[in-house]
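Below: the structure, in structure tokens.
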Amino acid sequence: MQPFTKRVIDIIRSIPEGYVMTYGQIAEQAGSRRGARQVVRILHSMSEAHKLPWHRVVNAKGEIAIKDGEGRFMQTLYLNGEGVEVDRDGRVDLAAYRYGGG
DNA sequence: AGTGTGACTTGGG
DNA sequence: ACCCAAGCCACAC
């Protein structure tokens, strides 16, 4: 496992309940400004194995990145369950729920 | 080795 | 605020 991967995993696991982070934020804190897509890879392939709170990760606009499907539905459900308000279009208020960086 | 793809991001209109 | 185009990086075929 590469250092970057491990850092990404640690960062995602550090997101508190009721908050979200963006792919770019995670990549940047893990040491790769252009690593958002790696974060996607890691999340996509290791979220189950490492018990990551993948539902607390959204894109730069605050939207749920997954297309329509089971995953998208579950992410909305989990976030609502933690007190995060999710728009009908799958958007959250980053100004209110973003963790890290401000 | 070349081409296509994606749970992304940023800059311009 | 919304849509479009370019940039980026690793993986699959």
Side-chain angles (χ1 to χ4, degrees):
Chain A
M1 169 128 32
Q2 294 197 311
F4 174 76
T5 303
K6 185 168 176 19
R7 272 196 273 281
V8 168
I9 290 172
D10 285 342
I11 290 168
I12 293 173
R13 281 167 69 84
S14 78
I15 305 174
E17 202 172 294
Y19 286 87
V20 300
M21 280 185 84
T22 70
Y23 293 91
Q25 254 185 300
I26 294 167
E28 191 168 13
Q29 289 196 17
S32 176
R33 179 164 113 24
R34 297 289 180 221
R37 312 207 75 132
Q38 247 103 309
V39 175
V40 173
R41 284 275 164 213
I42 293 166
L43 211 55
H44 188 74
S45 87
M46 306 193 164
S47 56
E48 294 184 33
H50 289 269
K51 300 294 194 293
L52 302 180
W54 58 272
H55 56 275
R56 304 205 255 245
V57 184
V58 297
N59 69 18
K61 300 179 207 166
E63 289 176 320
I64 291 176
I66 314 173
K67 294 179 182 177
D68 289 334
E70 199 174 9
R72 174 160 184 133
F73 178 72
M74 286 204 302
Q75 181 162 12
T76 306
L77 219 59
Y78 277 127
L79 288 177
N80 274 322
E82 296 184 355
V84 177
E85 298 178 37
V86 181
D87 202 336
R88 182 181 58 76
D89 299 320
R91 282 184 266 176
V92 307
D93 185 357
L94 281 182
Y97 301 111
R98 190 185 55 192
Y99 175 69

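To find a chain, count down the sequence lines: A is the first, B the second, and so on, and within it residues start at 1.
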Using a heavy-atom cut-off of 4.0 Å across all strands, would you classify A:Arg37 as base, sugar-phosphate, or nothing? base
Side chains of A:Tyr19 and A:Glu82 in contact at under 4.5 Å (non-hydrogen atoms): no
Less than 4.5 Å apart, side chain to side chain, heavy atoms only: is that true for A:His44 and A:Trp54? no
Gap between atom CE of A:Met1 and atom CZ of A:Arg7 - 0.5 Å precision: 12.5 Å
Given atom [atom1] of [X] and atom [atom2] of [N], what is their separation to the nearest angstrom?
{"X": "A:Ile12", "N": "B:dC8", "atom1": "CD1", "atom2": "C1'", "result": "13 Å"}
{"X": "A:Glu28", "N": "B:dT10", "atom1": "CD", "atom2": "C1'", "result": "13 Å"}
{"X": "A:Gln2", "N": "C:dC11", "atom1": "CD", "atom2": "C1'", "result": "13 Å"}
{"X": "A:Lys61", "N": "C:dA1", "atom1": "NZ", "atom2": "P", "result": "11 Å"}

Taking only side-chain nitrogens and oxygens of A:Gln38, does any of them come within less than 4.0 Å of OP1 or OP2 of C:dA10? yes
Whole-angstrom distance between C:dC13 and B:dA1, as gauged at atom C1': 12 Å
Can you pull out the residues from residues 41-55 of chain A that lie within a 4.0 Å heavy-atom distance of DNA chain C? A:Arg41
What residues in residues 62-93 of chain A put a non-hydrogen atom under 4.0 Å from any atom of DNA chain C? A:Arg91
Considering all heavy atoms, the nearest A:Ala65-A:Tyr23 contact: CB-OH, 3.7 Å
Check A:Asn59 against A:Thr22 and note the closest heavy-atom contact, atom names and distance. O-CG2, 3.6 Å
Can you spot which of A:Leu52, A:Leu43, A:Ile42 makes a side-chain contact (heavy atoms from CB on, under 4.5 Å) with A:Val8? A:Ile42
Out of A:Val84, A:Thr76, A:Leu79, A:Ile66, which residue meets the side-chain contact (heavy atoms from CB on, under 4.5 Å) rule with A:His55? A:Leu79
Hey, does the side chain of A:Arg56 reach the backbone of A:Arg13 with a donor-acceptor pair shorter than 3.5 angstrom? no
